[in-house]
Asks: 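The structure under discussion is supplied below as structure tokens; questions concerning it will follow.
Because the structure is a prediction, the values reported are computed rather than measured. Both ligands and their constituent atoms are indexed starting at 1 by order of listing.
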Amino acid sequence: LIDPHFERGHSGIVQLFEWKWLDIARECEQFLGPKQFGGVQISPPNENVIIDGRPWFERYQPISYKIATRSGDQKDFIEMTRRCNAVGVRIYADVVINHMAADQVNYTAIGTGGSTAIPSVRNYSAIPYNVSNFHPPCAVNNYNDAYNVRNCELVGLHDLNQTEEDTRAKIVDYFNDLIDLGIAGFRIDASKHMYPTDLEIIFNRVKYLNTTFGFKPKSDPFVYQEVIDTGNEAISKYEYIFACVTEFRYSSEIGRSFSGGDDLKWLVGFGEKWSLLPSHLAVVFIDNHDNQRSSGSGILSYKMRKKYIMAQSFSLAHPYGIKRIMSSFAFDDNRQGPPHDENFRILSPSIDSTGNCTNGWVCEHRWHPIASMVKFMNVVDGEQITSWWDNGKNQIAFSRGSKGFIVFNLDNEDIDYRLISSTLEQGMYCDIITGEKISDDECSGRIVEVQSGGIILTNMSKDDSNGVLAIHIEQRV
Ligand code: QV4
Ligand code: CA
């Protein structure tokens, strides 16, 4: 349950929030495969309720487990898994099994696949679920009470009872369907709101991955559970470590550090010692689709470009955790759904001549520094942090063995032609943040020299547009 099944040389998960299946297939072939991304977290693939104005969050209100959403149907879905797996990119499905759709404005709720349901009487006939599959109504309103969090309704979403055998069986069927369709794993939505014992029983009943999509025989799906544990509630992330868990503390600590809440020099000991989960069990991220919408929380997002690039680069350069990279659509208000036409069909992203997305899609994963740092992560895989340097404040640098080196400047002063030690071999390297190698001895960005004995002469202005410089052994000039 804890193996993401990354293809050799690939790693990292990109959350292609609200993308259509066929656009993901194309992105795997044109970008994610060649750039050695490990996999994609897709939006919930099952039929959801249609809400007026089509807010993004309607996808967290299931009507049935049919593969029928604004992202596409089952035929498109298999095309995505087939084409992505073929280029070494895995697909992880976001699955919503804690609850079904809440009561809507109309008595009868209509789904994206044409099914109907009557939420107020717990009639979801397309599955079918009836009142016996649900907990009796009460509201989640006390995070100091585990029973309340798990047995009551999260914002009015009718709460399934996973201790009930029939409910378990239907969830297992849904998971098995997705496995037949070629996925490599699951993000389990709202896991904190379900009992770990029930989840473990469900995961143990799910079949192995489908070998026709290239998975090794007897591979369990990768499972990562959404558990928000800020450290002061009744439910702990450690209750869920029979599979992987989203590490929200990582997101808030990195957000705090790179937005100036604490000197970067403290990051020298970053990792499990910061009350984070064991590295191999933690899915880590700078932001996700929820916390990028909570302003004032200290979470960094695409809206703070330079700090975001610095934080995301730190994450990809640092050995702790299984990395997830957010890829957003631009939004001004929190309800706003993805870019769409006049009939509310989702628009495909277009790509401009610089390789970046346009027409409302942000595509952080295509930003040159971020895509380059995915490569860095893969090149330095297996190496520890060596030769940490800092200026006692917000200028830091470290190497990853003999494979890579990175330096950050978040201070209000330049790094002024400073000698920084490194464990890289002597030679000339192309900075992957400002450019890339364009021939054997040419780099489109700045060139950095590692002198004998691993000394790097570095300068970086406080006004540098990225605030980070990175080099690795596969980009020598
Ligand atoms: C409204 C009222 C309620 C009332 C209810 C009555 O606010 O007080 O009880 O009507 O019917 C939407 C609306 C919400 C509305 C609800 C039901 O925003 O106002 O309730 O629908 O109609 C996403 C959004 C939610 C959204 C939900 C379903 O964030 O706003 O609710 O989808 O559409 C906790 C959890 C954690 C969770 C996080 C957001 O521990 O698990 O909150 N994160 C995941 C997902 C998240 C998703 C859900 C869980 C639910 O990442 O995106 O919520 O599946 O921290
Ligand atoms: Ca529940």
Asks: At a non-hydrogen distance cut-off of under 4.0 Å, which region of A190 contacts ligand 1 (side chain, backbone, both, or neither)?
Replies: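 Both backbone and side chain of A190 come within 4.0 Å of ligand 1.
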Asks: Side chains of L199 and I97: does their closest heavy-atom pair fall under 4.5 Å?
Replies: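 Side chain of L199 against side chain of I97, heavy atoms only: contact under 4.5 Å found.
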Asks: Can you check whether I346's main-chain N or O pairs, donor with acceptor, with K20's side chain at less than 3.5 Å?
Replies: yes
Asks: Looking only at heavy atoms of E153, does any of them come nearer than 4.0 Å to an atom of ligand 1?
Replies: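 Contact absent.
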Asks: Got a donor-acceptor contact below 3.5 angstrom from the N144 side chain to the E233 backbone?
Replies: no
Asks: Between S328 and M326, which heavy-atom pair has the shortest distance, and what is it?
Replies: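 Answer, listing the atom of S328 first, then M326: OG-CG, 3.6 Å.
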Asks: Tell me the contacting part of R187 for ligand 1: side chain, backbone, both, or neither, using a 4.0 Å heavy-atom threshold, strictly below.
Replies: side chain
Asks: Between the Ca ion (ligand 2) and H99, is there an N, O or S atom separated by less than 3.0 Å?
Replies: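 Here the distance criterion (N, O or S atom, under 3.0 Å) is not met by H99, so no.
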Asks: Is any N or O atom of V96, backbone or side chain, closer than 3.5 Å to an N or O atom of ligand 1?
Replies: no
Asks: I'd like to check whether W56 has a polar contact with ligand 1, where a contact means an N/O of the residue lying under 3.5 Å from an N/O of the ligand.
Replies: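 No, since none of the N or O atoms of W56 sits under 3.5 Å from an N or O of ligand 1.
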Asks: Any nitrogen or oxygen of H289 lying under 3.5 Å from a nitrogen or oxygen in ligand 1? Just yes or no.
Replies: yes
Asks: Classify the contact between D290 and ligand 1 as side chain, backbone, both or neither, using a heavy-atom distance cut-off of under 4.0 Å.
Replies: side chain
Asks: Considering S294, P119, G156 one by one, which has a heavy atom nearer to atom 9 (O) of ligand 1 than any of the others?
Replies: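 Comparing heavy atoms across S294, P119, G156, the nearest one to atom 9 (O) of ligand 1 lies in G156.
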Asks: Taking S115's backbone N and O only, do any of them form a donor-acceptor pair with E47's side chain (distance below 3.5 Å, no angle check)?
Replies: yes
Asks: May I ask you to check if ligand 1 and L154 share an N or O to N or O distance below 3.5 Å?
Replies: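 The answer is no, given that L154 and ligand 1 share no N or O pair closer than 3.5 Å.
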Asks: I want to know if ligand 1 touches D103 in the polar sense, i.e. an N/O pair below 3.5 angstrom.
Replies: no
Asks: Whether R293 engages the ring of W56 as a cation-pi pair (distance to the six-membered ring centre under 6.0 angstrom, angle to the ring normal within 45°) should be assessed.
Replies: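 Pair R293/W56 counts as cation-pi.
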Asks: Does R70 make a cation-pi contact with F344, if we ask for NZ or CZ under 6.0 Å from the ring centre and within 45° of the axis?
Replies: no
Asks: Between D103 and G156 (side chain of the first, backbone of the second, donor and acceptor by atom type, cut-off under 3.5 Å), is there such a pair?
Replies: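 The answer is no, because no donor-acceptor pair under 3.5 Å joins these two groups.
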Asks: For ligand 1, indicate whether the residue E226 contacts it via side chain, backbone, both or neither (heavy-atom separation under 4.0 Å).
Replies: side chain
Asks: With respect to atom 47 (C) of ligand 1, which of F57, Y60, F248 exhibits the smallest heavy-atom separation?
Replies: Y60
Asks: Give the single entry among Q61, E233, R59, H193 that approaches atom 21 (O) of ligand 1 most closely by any heavy atom.
Replies: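 Shortest heavy-atom distance from atom 21 (O) of ligand 1: Q61.
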Asks: Are any of the heavy atoms in H158 under 4.0 Å away from ligand 1?
Replies: no
Asks: Is the Ca ion (ligand 2) less than 3.0 Å from an N/O/S atom of Q162, whether that atom is in the backbone or a side chain?
Replies: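 Checking Q162: none of its N, O or S atoms is under 3.0 Å.
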Asks: Quick check on the Ca ion (ligand 2): does R150 put an N/O/S atom closer than 3.0 Å to it?
Replies: yes
Asks: N/O/S of E153 less than 3.0 Å from the Ca ion (ligand 2)?
Replies: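 So E153 does not count as coordinating the Ca ion (ligand 2).
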Asks: Within 45° of the six-membered ring axis of F285 and under 6.0 Å from that ring's centre, is NZ or CZ of R324 located there?
Replies: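 Geometry flag: set, cation within 6.0 Å and 45°.
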Asks: Output yes when a side-chain donor or acceptor of Q225 lies under 3.5 Å from a complementary backbone atom of V245, and no otherwise.
Replies: no
